[in-house]
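Here is the structure we will look at, set down as structure tokens.
In this text the structure is predicted, and so the values were computed from the model without any measurement.
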Amino acid sequence: QVQVVESGGGLVQVGDSLRLSCTITGRTFSNYIMGWFRQAPGKEREFLAVIHTSGGTRGYADSVEGRFTISRDNAKNTVTLQMNSLQVEDTAVYYCAAAETKTLTRDHYGPGGYDYWGQGTQVTVSS
């Protein structure tokens, strides 16, 4: 069974940093393109970041580029999202997703390109 699990969410203040982690089990982690998304109440699921299987190619949404950093450690089957300078608008449920492909396309800059999803972890930013 392929499982994707996020962790690291919590309550922080404006300007704080937070690191989210994601693990995937059941398949070889290095074979998956990994992405991070978020969804606030009443909003569509929003693309945040994507990282290629090797970790060398990364992409970000304009709204978070420069503040958020995606990285991966294939030996540990983990992908992380380092979030800095958090704002109230960043409050959402954050999701990790895996795509069973080694070819990065524009599909991976949206939710439709992924095969497996985690349960989400809540991030709340207060002032």
Residues forming a side-chain hydrogen bond (donor to acceptor under 3.5 Å, both in side chains) with S30, sequence neighbours excluded:
none

What I'd like to find out is whether the side chain of [X] reaches to under 4.5 Å of the side chain of [Y], using heavy atoms alone.
| X | Y | answer |
| --- | --- | --- |
| V5 | Q119 | yes |
| L20 | M83 | yes |
| T69 | R58 | yes |
| T53 | N31 | no |
| V64 | W36 | no |
| R38 | V123 | no |
| I70 | V50 | no |

Side-chain heavy atoms nearer than 4.5 Å, only ILVMFWY residues, links allowed to pass through others: does that put F68 and Y95 together?
no

May I ask whether L81 and Y116 are part of the same hydrophobic cluster, defined by side-chain heavy atoms of I, L, V, M, F, W, Y residues being less than 4.5 angstrom apart, directly or through others?
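Yes; tracing contacts between hydrophobic side chains, which count when under 4.5 Å, links both residues.
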
Examine the side chains of [X] and [Y] and answer whether a donor and an acceptor come within less than 3.5 Å of each other.
| X | Y | result |
| --- | --- | --- |
| S21 | S7 | no |
| Q122 | T124 | yes |
| S63 | E46 | yes |

What closest approach, in Å, do A98 and I24 show between heavy atoms, and which atom pair accounts for it?
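Reported closest heavy-atom pair: CB-CD1, 3.5 Å.
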
ring-ring contact (aromatic ring centres under 6.0 Å, His included) filter on F37, not counting sequence neighbours, yields F47, Y114, W117

Chi angles and distances behind the side chain to side chain contact (heavy atoms under 4.5 Å, CB included) call for E100, V2
CA-CA 11 Å; E100 197 170 340; V2 175; 5.8 Å; no

Could you check Y32 against I51 for side chain to side chain contact (heavy atoms under 4.5 Å, CB included), going step by step and ending with a plain yes or no?
CA-CA 9 Å; Y32 292 90; I51 188 166; over 6 Å; no

Check T80, T78, V79 against S71 for a side chain to side chain contact (heavy atoms under 4.5 Å, CB included) and give me the one that passes.
T80

